[in-house]
Amino acid sequence: MRPMRLRKREVTDAAEKVHGLTRLMAHAAPGAPTAFTEQGVARTDVWRVDVTSLTGKQRSPR
């Protein structure tokens, strides 16, 4: 049984990088201002991980 299948790829498009970084910051520090410079985005590696399959157990209520 395979519990999870993943597909990963490096993000190279600057707009997609900014989108991902903005989403991460919104989760890690809600409400904090975020701004990314072109140079900072160019220096930053961003990887996208897509879950293509996920299995698990269902717990019945008692």
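Source: prediction; values computed, not measured.
For the side-chain hydrogen bond (donor to acceptor under 3.5 Å, both in side chains) condition, no pair includes a residue of residues 27-46, sequence neighbours left out.
Here W47 sits alone; no ILVMFWY side chain lies under 4.5 Å from its own, so it joins no hydrophobic cluster. Through direct or relayed side-chain contacts under 4.5 Å between Ile, Leu, Val, Met, Phe, Trp and Tyr, L24 connects to no other residue.
Residues T52 and L6 approach most closely at OG1-N, 4.2 Å, considering heavy atoms. Nearest heavy-atom pair across V51 and M4 is CG1-CG, 4.1 Å. For the pair V41 and K17, the tightest heavy-atom approach, listed with the atom from each and the gap, is O-NZ, 3.0 Å.
No more than 12 heavy atoms of other residues, nucleotides or ligands lie within 6.0 Å of CZ in R7, so this atom counts as exposed by the packing criterion.
Taking the charged nitrogens against the carboxylate oxygens, R48 and E16 do have a contact shorter than 4.0 Å, which makes a salt bridge.
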